[in-house]
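What follows is a single structure, written as structure tokens, with notes after it.
In what follows, residues are counted from 1 in the order of the sequence shown.
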Amino acid sequence: FYRIDKMIGFHDFSAEDIKTILDLEIKNRKEDFKDFSSIDEVTNLSMKIINSQEENGRTIKQKVQKIIEELAYMSYLKS
């Protein structure tokens with residue numbers, strides 16, 4: 001068994017760090033939503049659900065994925 005005896009420091013991302021991660025994730029995923037949405041729309045909707053604290057790269061990616069899936073579903077319903 002392995003035991004961690006030391007506290008591992010955790011610091012919240014700054015707003016700039018969150019924006020950088022968000023922009024990179026959206027840029028990397030643009031092929032997934034190019035047919036039914038824009039980078040600006042995905043960014044704006046994602047920013048509304050991303051917290052200023054207790055976020056990490058994984059949670060930001062999950063929230064971007066959620067927005068893309070919701071937009072895809074809405075696009076499907078409209079067609």
Side-chain angles (χ1 to χ4, degrees):
F1 292 101
Y2 182 78
R3 182 176 157 183
I4 297 176
D5 292 323
K6 297 180 181 179
M7 286 291 284
I8 298 172
F10 176 82
H11 302 285
D12 286 327
F13 284 125
S14 68
E16 294 82 25
D17 292 338
I18 291 172
K19 182 73 167 101
T20 300
I21 295 168
L22 177 63
D23 289 344
L24 182 61
E25 179 62 16
I26 291 171
K27 180 181 172 189
N28 290 340
R29 302 287 309 273
K30 68 182 174 184
E31 290 297 316
D32 296 344
F33 60 84
K34 70 177 183 173
D35 294 334
F36 54 84
S37 190
S38 68
I39 288 175
D40 289 338
E41 182 177 27
V42 174
T43 300
N44 290 335
L45 292 171
S46 297
M47 288 175 67
K48 291 178 181 180
I49 63 171
I50 291 175
N51 301 316
S52 61
Q53 296 180 346
E54 299 180 7
E55 291 287 2
N56 60 49
R58 184 176 62 240
T59 61
I60 292 170
K61 285 182 173 203
Q62 289 170 344
K63 289 178 181 182
V64 170
Q65 176 68 29
K66 177 182 176 186
I67 293 298
I68 292 171
E69 289 173 358
E70 288 176 1
L71 289 170
Y73 182 68
M74 295 304 293
S75 175
Y76 170 77
L77 290 178
K78 289 179 182 177
S79 60

task: Not counting sequence neighbours, which residues clear side chain to side chain contact (heavy atoms under 4.5 Å, CB included) with Leu71? List them please.
output: Phe36, Ser37, Glu41, Val42, Leu45, Ile67
- prompt: In this structure, which one of Ile60, Asp32, Asp40, Val64 forms a side-chain contact (heavy atoms from CB on, under 4.5 Å) with Ile26?
  reply: Val64
query: Tell me the side chain to side chain donor-acceptor pair (under 3.5 Å) pairs involving residues 68-79, sequence neighbours left out?
result: Gln65-Glu69
message: Would you compute the distance between atom OG1 of Thr59 and atom CD1 of Ile49 and round it to the nearest 0.5 angstrom?
response: 10.0 Å
field: Euclidean distance, Leu24 CG relative to Ile21 CD1, rounded to 0.5 Å
entry: 8.5 Å
- prompt: Do Thr20 and Asp23 get their side chains close enough for a donor-acceptor pair, meaning under 3.5 Å?
  reply: no
- prompt: Quick one: salt bridge (Lys or Arg N to Asp or Glu O under 4.0 Å) partners of Lys34, sequence neighbours excluded?
  reply: Glu31
message: Any heavy-atom pair between the side chains of Thr43 and Lys19 that's under 4.5 Å?
response: yes
message: How long is the straight-line distance from CG of Leu22 back to NZ of Lys61, given to the nearest 0.5 Å?
response: 12.0 Å
query: What's the shortest heavy-atom distance between Ile39 and Phe33, and which atoms?
result: N-CE1, 3.7 Å
field: Main-chain N/O of Asn51 paired to Glu55 side chain as donor or acceptor, under 3.5 Å
entry: yes
